[in-house]
2 protein chains.
Amino acid sequence: MPVQHSASLAVPAAQPRGDQCPIDRTLGVVGSRPALLLLREAFYGARRFDDLARGVGVSDAVAAQRLKELVAAGVLEKEPYQEPGQRTRHEYVLTEAGHELLPVVLGLLAWGERHAAGARTSITASHADCGAPVEPVLMCAEGHRVAEDDVLVTAARRQPARQSAR
Amino acid sequence: MPVQHSASLAVPAAQPRGDQCPIDRTLGVVGSRPALLLLREAFYGARRFDDLARGVGVSDAVAAQRLKELVAAGVLEKEPYQEPGQRTRHEYVLTEAGHELLPVVLGLLAWGERHAAGARTSITASHADCGAPVEPVLMCAEGHRVAEDDVLVTAARRQPARQSAR
DNA sequence: ACGCTGACTTTGGCTAGGCATAGCCAGGAG
DNA sequence: CTCCTGGCTATGCCTAGCCAAAGTCAGCGT
């Protein structure tokens, strides 16, 4: 017997692909390196264009382009603000939807810490209350911790009928 | 005090960027669309080259290239297998490290379901035992559910001393 | 021994996306 | 009213990545 993991997830039937797959759709929004890194900066607290662009290390043009896409996708919001003695500026803040991408970002962080060796520094996410390291863990709405092979993936047609006039 | 969510994460000091950031390093491995989609296929149970490539919808060349990278990064392993009456083949199986990317993939899935509208079908990950929907949730090693502002992000130098002869 | 099939590899052409540099614009400071 | 600064926008070049199509290769079946 070689290894235990067969198909990991329980996938009884074929799932939709292409633009019908929510994973693919999400990747259309945050599927590029600059986009994810901008998100990282936003989670680190950056709000101003310069800080975001600088932190990611891309040119202004790319930063502007990606930020525009993230705003269009509803991940970030552009809001006016004013520092005392300064003119009105705009800052980029995470929306509710943006905040919900935190598990993904921290998942990448945790994986990189564990498996992408070579960095001379390590970044740790820990629980402010107890100091223990934090990671995304699979849980169901009932509050059970879910193992990989207990995850059942199913597809369903959305809104069968009711295509009434708006 | 304008909005409630200020910096979401608690980040007391600057974090390393570029290739010193584990998020960035992880993106170097799975930071492209085809790579993530190949991973999706692997989680769905695909193991053969053709199935993986077909499921992602890219050309053979791209699939081969990305698979090679994923193998090199230790996410997939190439193993020989033999179906009865068939010649020896190789299949791609998720390694331990590969399996640990599941929270990221399911995070993308969950987010897409909730925020990337437009698909006519929905994919749901549910708990096989109780049927409730499954999502990645932030938890610390002590077992506490961690809220966003209770996540403390800190950097540390790896291997403090031992900077002996190079 | 030959052919077929699955699994790649190679080649050539094309497009998206990146960078650098420079230019533009708004608006408080002076 | 002009200057200055942060925040973009525009231009030109250059590379990475993609696709399609064709070629290669291993080895079981006949």
Side-chain angles (χ1 to χ4, degrees), chain A residues 17-19 21 24-25 27-42 45-73 75-93, chain B residues 17-19 21 24-25 27-42 45-73 75-93:
Chain A
R17 305 290 148 94
D19 62 355
C21 171
D24 208 340
R25 296 179 142 264
L27 290 178
V29 175
V30 294
S32 75
R33 192 185 168 84
L36 248 329
L37 294 182
L38 283 169
L39 213 49
R40 173 192 71 185
E41 294 305 315
R47 294 164 161 238
R48 285 177 37 199
F49 180 89
D50 257 25
D51 294 338
L52 289 159
R54 204 91 45 79
V56 172
V58 294
S59 67
D60 287 4
V62 172
Q65 175 65 25
R66 294 282 161 266
L67 284 172
K68 207 183 293 178
E69 291 170 10
L70 289 173
V71 169
V75 172
L76 296 177
E77 239 168 6
K78 205 172 172 179
E79 291 195 355
Y81 76 106
Q82 186 154 22
E83 281 178 18
Q86 295 287 312
R87 53 181 267 224
T88 312
R89 294 276 157 68
H90 292 272
E91 60 181 359
Y92 295 89
V93 276
Chain B
R17 306 290 148 96
D19 62 355
C21 171
D24 210 341
R25 296 177 142 264
L27 289 178
V29 175
V30 294
S32 73
R33 189 185 169 85
L36 248 329
L37 293 182
L38 283 170
L39 212 49
R40 175 193 69 184
E41 295 305 316
R47 293 163 161 238
R48 287 177 36 198
F49 180 89
D50 257 25
D51 293 337
L52 289 160
R54 206 89 46 80
V56 172
V58 295
S59 68
D60 287 4
V62 172
Q65 175 65 26
R66 294 282 162 267
L67 284 171
K68 207 184 291 176
E69 291 170 12
L70 289 172
V71 169
V75 172
L76 295 176
E77 240 169 6
K78 205 172 171 179
E79 290 194 357
Y81 76 105
Q82 187 154 23
E83 282 178 18
Q86 295 287 313
R87 52 182 269 223
T88 311
R89 295 276 158 68
H90 293 272
E91 59 180 1
Y92 295 90
V93 277

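Below, chains carry the letters A, B, ... as their sequence lines are ordered, and counting in each starts from 1. Values below: every heavy atom of this structure, side chains too, minus hydrogens, waters and symmetry copies.
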Whole-Å gap separating [atom2] ([N]) and [atom1] ([X]):
X	N	atom1	atom2	value
A:Leu38	D:dC8	CG	P	12 Å
A:His90	C:dG27	NE2	C1'	11 Å
A:Arg89	D:dC4	CZ	C1'	11 Å
A:Glu91	D:dG6	CD	P	16 Å
B:Lys68	C:dC8	NZ	C1'	9 Å
B:Arg66	C:dA7	CZ	C1'	18 Å
B:Asp51	C:dC8	CG	P	12 Å
B:Asp50	C:dC8	CG	C1'	10 Å

Hey, can you pull the residues of residues 52-63 of chain B with a non-hydrogen atom under 4.0 angstrom from DNA chain C?
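Output list: B:Asp60, B:Ala61.
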
Quick check on contacts: within residues 27-37 of chain A, what sits under 4.0 Å from DNA chain C by heavy-atom distance?
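Correct list: A:Pro34.
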
Dot-bracket for DNA chain D, 5' to 3', counting Watson-Crick or G-U wobble pairs under 3.5 Å, with [ ] for crossing pairs and | for inter-strand pairs?
||||||||||||||||||||||||||||||

Can you give one letter per nucleotide of nucleotides 24-30 of chain D, 5' to 3': B if a protein heavy atom sits under 4.0 Å from the base, S if only from the sugar-phosphate, - if neither?
--BSSS-

Determine whether a donor-acceptor pair (N or O, by modelled atom type, separation under 3.5 Å) exists between the side chain of B:Arg40 and the backbone of A:Arg17.
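Not a single qualifying donor-acceptor pair exists.
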
Check the phosphate of D:dC8 against A:Tyr92, side-chain N and O only, distance under 4.0 Å to OP1 or OP2. Yes or no?
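Yes, such a contact exists.
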
Rounded to the nearest 0.5 Å, what's the gap from [atom1] on [X] to [atom2] on [Y]? Could you check?
X	Y	atom1	atom2	answer
B:Leu70	B:Leu39	CG	CG	6.5 Å
B:Leu38	B:Ser32	CG	OG	8.0 Å
A:Leu67	A:Glu41	CG	CD	11.0 Å
B:Leu52	B:Asp60	CG	CG	11.5 Å

Going by the rule side-chain contact (heavy atoms from CB on, under 4.5 Å), which residues pair with B:Lys78 if we only count those two or more places apart in sequence or in a different chain?
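Here the qualifying residues are B:His90, B:Tyr92.
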
Output all residues satisfying side-chain contact (heavy atoms from CB on, under 4.5 Å) with B:Asp19, sequence neighbours left out; order by chain, then residue number.
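Residues passing side-chain contact (heavy atoms from CB on, under 4.5 Å) with B:Asp19: none at all.
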
Which nucleotide in the set C:dA7, C:dC8, D:dG7 lies at the smallest distance from any side-chain heavy atom of B:Arg48?
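The nucleotide sitting nearest to the side chain is C:dA7.
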
Exercise: identify the closest heavy-atom pair between A:Ala46 and A:Asp51:
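Between these two residues, the closest heavy atoms are CB-CB, 4.1 Å.
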
Could you walk me through whether A:Arg47 and A:Arg89 pass the side-chain contact (heavy atoms from CB on, under 4.5 Å) check?
CA-CA 11 Å; A:Arg47 294 164 161 238; A:Arg89 294 276 157 68; over 6 Å; no

